[in-house]
Amino acid sequence: MDFEYKNYKLRKATKEDANGFVEISNDWNVMRYYGDSGATKDLIQAEKQVEWCNELFNNNCGRWIIVDKEINEYIGDIGFFDYETAHRKVEIGFRLMKEFWGRGIVSSFIQQLLNYGFKELNYNRVQAYVDARNEGSKRVLLKNGFTCEGILREFEYEYGGFIDLEMYSILDREFKNE
């Protein structure tokens, strides 16, 4: 399955993406709402992150690398994880280097991945947990047909304090009606 948008595409992670994982994890603008538990601090952790991305493809999920077609280098990642077979539900997550924000890249790939997830992977529900302060990610999800279901109060401990998360979801029947 090929996913493309303008000058960007999705591909599976390779060993060469490890530097990109470290770079994005050291950008406070990206990571402030992503959480410190998701930070990749060195190349050893980054290589494990690459392996995790690819292992997800064995579990009815997948985490793709977002690249500029011309240079084929990591600029972000997006995909499905934590698939629950009995409930046909999965979580979606994404992050993108700050210099690429506001170009519609993530929104386009979310639409393509939702189509793939509902039609090919037989998902019934795609959900996302979002830091309640992350206005950008909330806008992207709402733009793509997700519904905010509510707030999970002090749901995680990040950067020395408890934070609220908002739960967003879209159902197969809702996506088909768009």
Do [X] and [Y] make a side-chain contact, defined as non-hydrogen atoms from C-beta onward lying under 4.5 Å apart?
X    : Y    : result
D27  : K98  : yes
V126 : F146 : yes
Y8   : V67  : no
H87  : N124 : no
F94  : D77  : no
K69  : E4   : yes
N134 : Y34  : no
N122 : R88  : yes

Quick one: side chains of residues 14-24, donor-acceptor pairs under 3.5 Å with protein atoms, not counting sequence neighbours, listed by atom name and distance.
| unit_1 | atom_1 | unit_2 | atom_2 | d |
| --- | --- | --- | --- | --- |
| T14 | OG1 | E16 | N | 3.4 |
| T14 | OG1 | E16 | OE1 | 3.1 |
| T14 | OG1 | D17 | OD2 | 3.3 |
| D17 | OD1 | R11 | NH2 | 2.8 |
| D17 | OD2 | R11 | NH1 | 2.8 |
| D17 | OD2 | T14 | N | 2.7 |

Does the Y157 side chain pair with the main chain of G160, one donor and one acceptor, at a distance under 3.5 Å?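 A pair under 3.5 Å: yes.
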Any donor-acceptor N/O pair, N59 side chain to C61 backbone, under 3.5 Å: no
Could you state whether [X] and [Y] fall into the same hydrophobic cluster, counting links through intermediate Ile, Leu, Val, Met, Phe, Trp or Tyr residues with side-chain heavy atoms under 4.5 angstrom apart?
X    : Y    : value
L121 : F81  : no
F118 : L171 : no
L10  : L56  : no

Minimum-distance pair of heavy atoms, taken over all atoms of [X] and [Y]:
X    : Y    : result
S25  : R95  : OG-NH1, 3.7 Å
N72  : K9   : OD1-CE, 3.9 Å
I110 : L141 : CD1-CD2, 4.4 Å

On the six-membered ring of F57, is K12 placed so that its NZ or CZ lies under 6.0 angstrom from the centre and within 45° of the ring axis?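 Yes; both conditions hold, so K12 lies above the ring face of F57.
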Y123 and Y83 aromatic ring geometry - parallel, tilted or perpendicular at 30°/60° bounds: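 Y83 and Y123: tilted rings.
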Taking the inter-plane angle between the rings of W64 and F80 on a 0 to 90° scale, is it parallel (under 30°), tilted (30 to 60°) or perpendicular (over 60°)? perpendicular
Could you tell me whether Y33 and W28 have their ring centroids closer than 6.0 angstrom? no
Aromatic centroids of F155 and Y129 separated by under 6.0 Å: yes
Do Q111 and S107 have side-chain N/O donor and acceptor atoms under 3.5 Å apart? no
Salt bridge E135-K138, side-chain N to carboxylate O under 4.0 Å: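 Here E135 pairs with K138 in a salt bridge, since their nearest N and O are under 4.0 Å apart.
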